[in-house]
Each structure stands twice: as C-alpha cells, then as structure tokens.
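Atoms within each ligand, like the ligands themselves, are counted from 1 in listed order. Since the model is a prediction, treat every value here as computed from it, not as a measurement.
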Amino acid sequence: MKTCNILRLAALTSSLIFSAGAIAADSFKIGLILPMTGQQASTGRQEEAAARLYMAQHGDTVAGRKIELIVKDDTTVPDMTKRLAQELIVNDKVNVIAGFGITPSAMATAPLATQSKTPMVVTAAATSSITEASPYVVRTSFTLAQASVSVANWAGKNKISKVITLVSDYGPGKDAEKYFSQTFTANGGQIVESLRVPLMNPDFAPFLQKVRDAKPDALFVFVPSGSGASLMKQFIERGMDKAGIKLIATGDVTDDDQLNGMGDGALGVVTGHHYSAAHPSKMNKDFVKAFEKANNGMRPNFMAVAAYDGMHVIYEALKATKGEGDGDALVTAMKGMKFESPRGPISIDPDTRDIVQNIYMRKVEKQHGQLYNIEFDVLKDVKDPGKTK
Ligand code: DHB
C-alpha cells in the first residue's frame, strides 16, 4: 500500500514537471527585429508601437498560446539583423521573425528563415525581390514598384513630359527608378537624367542644384522613411517649386511621421502610396485615434500600418492552425489571407506571398491646421508589378 502511494506520488510529480514544461513551451514567440536606433530609427519606433497596439486591442492569447513579443534593435546594420535573427531562432526558439527596416537587413536574414523553416513576416523593407529570397517570406508592407508605377501613370496624364529621377542608391531606389522610368517612357514621357544618392547620410544639395539647372517639368523622388523631411527642406530652400519644377514622389517622402513638420512648402506635392493617416475609412479613423492616444499624439505612418497588419497575419495564421505553430503550416495559412486593414482591403498573394493592395494618389493639403496626404484617386488591388515570374 505504502509503495503504491509512493509510486502514485512519483507519477503525479513527474506529470506536474511535465505539464510545467509544456506550459513554458506553450508560449508563441514573435521576434521583431527593427532599427530602433540609427538612421532608420523612426521605422522601429512606429512599428513597435503598432505591434503593441495590436496586442493591446486583440489580447495576448491566441488559440490557447500566450503570445510573447521579443523586440530587438538592429541599429540599421544588416549584419546585426542577421546575428539577432540567428540568436532568436536558435536560443529563444521563436516561432516567427518579423520586422526588417531596410532591404539589406531582409536580404541578409532570408537564408536563415529558409534553413530553419521559420516564417519571416517583412513589415517594412520594400524591394520586389525580397519575397523571392525565401519561401518563408510573407510581406505586409508594399513594393516600390507598386507605388512608382502609379505615380508614372498619373504624371503622364498631367502635363508632365520631362522628368529627372532622384533615388537612394540601393534596392528600393533602383526599383523605384526602374518602374517609374519604364512606365513613364512607355506613356511617351522623357527621362532627362537618373540621379542616385547614397543611402546613409545623404547630402541632397549638389543633386538638387543639378536638377534646378536642368529645369525638368518634375523631379521624381524615392528616399526611405525618415529622409523625406531633409529632402523637402532643401527642395524648398532652393526655390525649386517656385522655379516651376514639380516634386512628385512615392509616399515615403511625405511620410506621415514627418509631414506635419515640413511646413507649407510641402503643400501640393503629389505622391502615390498605400497608406495615409487621412484615409477616410471608419477603421482607419479608429486606428489613428487609438495609436495617437497610446503614443503621446504620434501620428501613425505607413510603417506602423504594416506592422499592425503583420501582427494580424500572424494571429490569424496561428488561429487557422489551431495554435500548432509549425513554420510550414503558418506560411500556408498566411497565403491567400484577405482582410480589411486601416489602409483599405488587402490580401496576401498565394503565389508570391507579397501584398496585394490599393495604391492611392494623394496631394498634400491642410486639414484642421495640419498637413496630410489627401487621397484623390485609387488603383484597386494592385499586385507587385516587380515580380520576375
Ligand atoms: C525601404 C526602407 C524604407 O524606409 C522605405 O520607406 C522603403 C523601402 C527598404 O529598405 O526596403
């Protein structure tokens, strides 16, 4: 009898130990790697705030799994992104990696996602080829090809015939230059010159001087989130708008994170992009209000909405797999997902794992004393024009 009790106790103890282990393993970990410092720090600040807002609104338990968000700062250095991803996958055993502020960070990390079969949700970087770098990449941001083609089509219909392009000299800038120029010339326009500025610490002055001297109808620009304000300042200081040179751009330039500080010189700038904080849907109004309330009045930008939607994709995939968390099953569940985002209706292309979304044409206007990108036209359900297959 006594032995029997001891045995029962032993069985009970081991089952307790076992279930304690099971509870620990039960949390579902998301490793969010972002530039929280360095040139692209605004991307990290916006995206972390949005991911935390999503969790605050939707709870931190999904399909019986406790969600654990682990945020890491890659300081805008791609080697660091890769090292952090390796540590998160091997040591922390994360179920998903997400974030990736710039294209080189995403490209450096993609092979690790493939080797470890870890879903990699790209919520910022926007070069078309990123989704082709690993079958585990799913993107919720956008591509420069999506934005640039729409600007080129608009320019062709709006009395702009000679354009100089000015882009940051790396993946997304090259895509912006290529897809803008290709579409614009196919519509009969002329590219007078194609200028590229360094990604890090760019000095726009000598490039803008060149543009002023050449006097095209318009200057088309792509610079990454966070660099728009200094480009705009130098454009206005040179009186280029007054000299009759129109500034047209992807929406990265009139970034909602910086737009209101750019001053009235930004009024009238036309851009194409997938998100404006002024998007007039009920869902967006609620999103902007909640985001500003939780973050001392900070206005959400296109990076924030991509992180918010990235969290949605992860939550819904975990629900669809009934909390299982296997990498292949999660990616399968993400393919073809369709939902309403604060930016409008979006889906994940099941073939390319890239985002399909509306691209809006916008003009900077003043509303309630603040500068906003006001949408005046929309191209619906735009797939990435930059896919090779
Ligand atoms: C990328 C970064 C940005 O900040 C942006 O606005 C667009 C693209 C990139 O590196 O892919």
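For atom 5 (C) of ligand 1, the closest non-hydrogen atom on the protein side is Asp252 OD2, 3.3 Å. The nearest protein atom to atom 1 (C) of ligand 1, hydrogens excluded, is given as Tyr170 OH, 3.5 Å; this is a heavy-atom distance. Of the protein's non-hydrogen atoms, Ser225 N, 3.0 Å is the one closest to atom 4 (O) of ligand 1. For atom 11 (O) of ligand 1, the closest non-hydrogen atom on the protein side is Thr103 OG1, 2.5 Å.
Pairing each heavy atom of Ala266 with each of Val364, the nearest pair is O-CB, 3.2 Å. Heavy-atom minimum distance, Leu330 versus Asn95: CD1-O, 4.4 Å.
Note: Tyr360 and His279 have tilted aromatic rings, judged against thresholds of 30 and 60 degrees for the angle between ring planes. Ring geometry for Phe291 versus Phe287: interplanar angle of 30 to 60°, hence tilted.
Under a 4.0 Å criterion applied to the non-hydrogen atoms of Gly101, ligand 1 contributes the atoms 2 (C). Within ligand 1, the atoms closer than 4.0 Å to a non-hydrogen atom of Gln40 are 4 (O), numbered from 1 in the order shown. Less than 4.0 angstrom separates some heavy atom of Phe302 from each of these atoms of ligand 1: 6 (O). Counting atoms of ligand 1 from 1 in the listed order, those under 4.0 Å from a heavy atom of Met303 are 3 (C), 4 (O), 5 (C), 6 (O). Close contacts of ligand 1 with Ile102, meaning ligand atoms under 4.0 Å from a residue heavy atom, involve 9 (C), 10 (O). If you number the atoms of ligand 1 from 1 as listed, the ones under 4.0 Å from a heavy atom of Ala125 come out as 9 (C), 11 (O).
Crowding of Lys82 atom NZ: a count of heavy atoms from other residues, nucleotides or ligands under 6.0 Å not exceeding 12. Within 6.0 Å of atom CG in Asn91, more than 12 heavy atoms from other residues, nucleotides or ligands are found, so the atom counts as buried in its surroundings.
For Ser105, the heavy-atom gap to ligand 1 stays at 4.0 angstrom or more.
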Acceptor/donor pairs from residues 167-179 side chains to any protein atom, 3.5 angstrom cut, sequence neighbours excluded:
unit_1 : atom_1 : unit_2 : atom_2 : d
Asp175 : OD2    : Ser128 : N      : 2.8
Glu177 : OE1    : Arg196 : NE     : 3.0
Glu177 : OE2    : Arg196 : NH2    : 2.9

List the atom pairs, donor and acceptor, that lie under 3.5 Å between side-chain atoms in residues 96-109 and the rest of the protein, sequence neighbours left out.
unit_1 : atom_1 : unit_2 : atom_2 : d
Thr103 : OG1    : Thr127 : OG1    : 2.7
Ser105 : OG     : Thr81  : OG1    : 2.9
Thr109 : OG1    : Ser105 : O      : 2.8

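Of the heavy atoms in Phe222, only side-chain atoms (C-beta onward) come closer than 4.0 Å to ligand 1.
Nearest residue to atom 8 (C) of ligand 1 from Ala176, Ser42, Ala126 is Ala126 (criterion: closest heavy atom).
At least one donor-acceptor pair under 3.5 Å links the side chain of Gln146 to the backbone N or O of Thr143.
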